Amino acid sequence: MTDTTAKPLSGAGLRGQSAGETALCTVGKTGAGLTYRGYDVKELADKTQFEEVAYLLLYGKLPNRTELAAYIKRLKGLRGLPDALKAVLEQIPADAHPMDVLRTGCSMLGNLETEHSFDDQLNHIDRMLAVFPSIINYWYRFSHHGERIDTLAPEVDSIGGHFLALLHGKKPSELHERVMNVSLILYAEHEFNASTFAARVCASTLSDVHSAVTAAIGTLRGPLHGGANEAAMAMIQQWKSPDEAEEAILGMLARKDKIMGFGHAIYRTHDPRNDIIKLWSEKLAAEVGDTVLYPVSVRCEEVMWREKKLFCNADFFHASAYHFMGIPTPLFTPIFVCSRVSGWTAHIMEQRANNRIIRPSADYTGPENRPVPALDERA
Ligand SMILES: CC(=O)SCCNC(=O)CCNC(=O)[C@H](O)C(C)(C)COP(=O)(O)OP(=O)(O)OC[C@H]1O[C@@H](n2cnc3c(N)ncnc32)[C@H](O)[C@@H]1OP(=O)(O)O
Ligand SMILES: O=C([O-])CC(=O)C(=O)O
C-alpha cells in the first residue's frame with residue numbers, strides 16, 4: 001500500500017528516485033512508519049535490546065534466547081583494542097572531532113585486521129560493532145584525562161551500557177542503559193539514507209568492509225545528516241527559557257536559517273523515532289531536575305510546527321537525552337555510528353549478494369566542445 005502522507009519527491013539530491021532494492025527497512029510506508037525486516041521500530045524499541053536488532057539486521061532473524069546469549073558473549077569478547085590502534089589513537093589531539101577519530105580508528109582497524117575474503121565479512125562486522133565504543137572512549141579518556149582505560153574491563157553486557165561505562169568509568173544506572181539501548185535501536189537502520197548509500201557505493205566496487213564503513217562515517221558526520229544531533233544541542237543550549245527560544249527561532253526562520261534537528265528528506269509530517277526518544281528525554285529531564293532544556297526543546301518543536309509545519313527528526317530530542325546522561329556533545333554523532341554500523345554493514349552484505357557497480361549518469365551543463373587555446377592565448 002502507498003503512504004498517502006508520503007512527501008512528494010522530486011528534483012535534486014536524487015529525491016524520489018529508487019536507487020536499488022532492499023529487504024532491510026521501510027521508511028514512511030502506511031501503518032509502519034519505520035520497519036526493520038518487517039518489524040515496527042516502536043515495538044522493537046519496546047520489547048528488544050539493541051543486540052537483538054543488530055542480529056536481526058545482520059543474520060536475518062530475531063535471535064532466540066540461546067542465540068542472543070551467545071551473540072552477546074561473542075560481542076563482549078571482541079571489545080579489546082590492538083596496541084597498534086591504541087598507539088594511533090594516542091596521537092590524535094584532544095581538539096580533533098570524535099567523528100574524525102572514529103573514521104581514522106575504523107580505517108586503522110582495516111589495516112590491522114584486513115578483510116581478505118568476503119567469507120569473513122560477518123567476523124569483521126561483529127568486531128566493528130563491539131569495538132567502536134572502545135575506540136572512541138579510549139581516545140576520549142586518553143586525550144582529555146590522560147588515562148589509558150581497559151576497554152575489556154567494564155562488566156556490562158550491552159553495547160550501550162559498555163559505551164557509558166567506558167566514558168564515565170562506572171557502571172551506568174538501569175535507566176541510562178535502557179535509554180542507550182532504545183537510542184541505538186532507533187538509530188540502527190534507515191534504508192538508503194546518505195551514509196548508507198555511501199557505504200553501498202563503496203561496497204559496489206567490491207572494496208573491503210572497512211573502506212565502506214569509513215566512507216559512511218565521513219558521510220554521517222555532516223550537520224544535514226547525523227551531525228544534526230550535535231548542532232541541535234549547540235542551538236538549544238544557548239537559550240535560558242522557552243520564550244527566549246521562541247524569539248530566537250522566529251528570528252532564525254525570518255533569516256531563512258536551517259534549524260538543526262527538524263525536517264526530513266522522506267518523512268513529511270512526522271518522524272516515528274521522535275515520539276520515542278522524546279519520552280525518554282522527558283524521563284531523564286525529571287531524573288536530573290531539568291527545568292530549562294526539555295521545556296526549551298518542546299517549545300522549539302511547537303514553534304517549528306506552528307510556523308513551518310516542520311517536525312522534529314530523530315536527532316532533536318536525542319540532543320537533550322544524551323546531555324542529561326552526561327555525554328559530551330561531540331560524542332553524540334559517534335554514538336549514532338556505534339548503532340548505524342549495524343545497518344551500514346547489513347546493506348554492504350546485501351549489496352555484495354546481488355552486486356552491480358553503482359554508477360549513475362549526470363546531465364551535462366558545461367560548455368559545448370571547443371578547441372584548447374595555446375598557453376599565451378588564454379585570458
Ligand atoms: C538522522 C538524520 O539524518 S535526520 C536529518 C538530520 N538533519 C537535520 O536535522 C538538518 C536540518 N534539516 C534539513 O536540512 C533538511 O530538512 C534535510 C536535509 C533533513 C532534508 O532536506 P530536504 O529533503 O531537501 O528538505 P525539504 O525538501 O523537506 O525542504 C523543504 C523546505 O523546507 C525547508 N526546510 C527543511 N528543513 C528545514 C529546517 N530544518 N529548517 C528550516 N527550513 C527547513 C527547506 O529549506 C525547503 O525550503 P525551500 O522550499 O524554501 O527551499
Ligand atoms: O533517512 C535519512 O535521510 C536520514 C535519517 O533519518 C537517517 O539516516 O536515520
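Computed from a predicted model, the values in this text were never measured in an experiment. Order of listing sets the numbers, starting from 1, for every ligand and every atom in it.
A cation-pi arrangement, defined by a distance under 6.0 Å to the six-membered ring centre and an angle within 45 degrees of its axis, is absent between Lys278 and Trp280.
Contact check on Arg299 versus Glu247 returns no salt bridge, with no Lys/Arg side-chain nitrogen under 4.0 Å from an Asp/Glu carboxylate oxygen.
Residue His225 touches ligand 2 through its side chain alone, judged by heavy-atom distances below 4.0 Å.
The protein heavy-atom contact nearest to atom 4 (C) of ligand 2 is His264 NE2, 3.5 Å. Nearest non-hydrogen protein atom to atom 3 (O) of ligand 2 is Asn193 CB, 3.8 Å. Protein heavy atom in closest approach to atom 8 (O) of ligand 2: Arg340 NH1, 2.9 Å. Among all protein heavy atoms, the one lying closest to atom 1 (O) of ligand 2 is His190 ND1, 2.7 Å.
If you number the atoms of ligand 1 from 1 as listed, the ones under 4.0 Å from a heavy atom of Arg15 come out as 22 (P), 23 (O), 24 (O). Heavy-atom proximity to Arg273, at under 4.0 Å, picks out these atoms of ligand 2: 5 (C), 6 (O), 7 (C), 9 (O). Of all the atoms in ligand 1, the ones that sit under 4.0 Å from a non-hydrogen atom of Pro223 are 7 (N), 8 (C), 10 (C).
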Apply ring pair (Phe, Tyr, Trp, His ring centres under 6.0 Å) to Phe311 and His264, showing your working. CA-CA 8 Å; Phe311 53 91; His264 199 271; 7.2 Å; no
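Distances from atom 2 (C) of ligand 1 to the heavy atoms of Ile249, Asn313, Asp315 show the closest one on Asp315.
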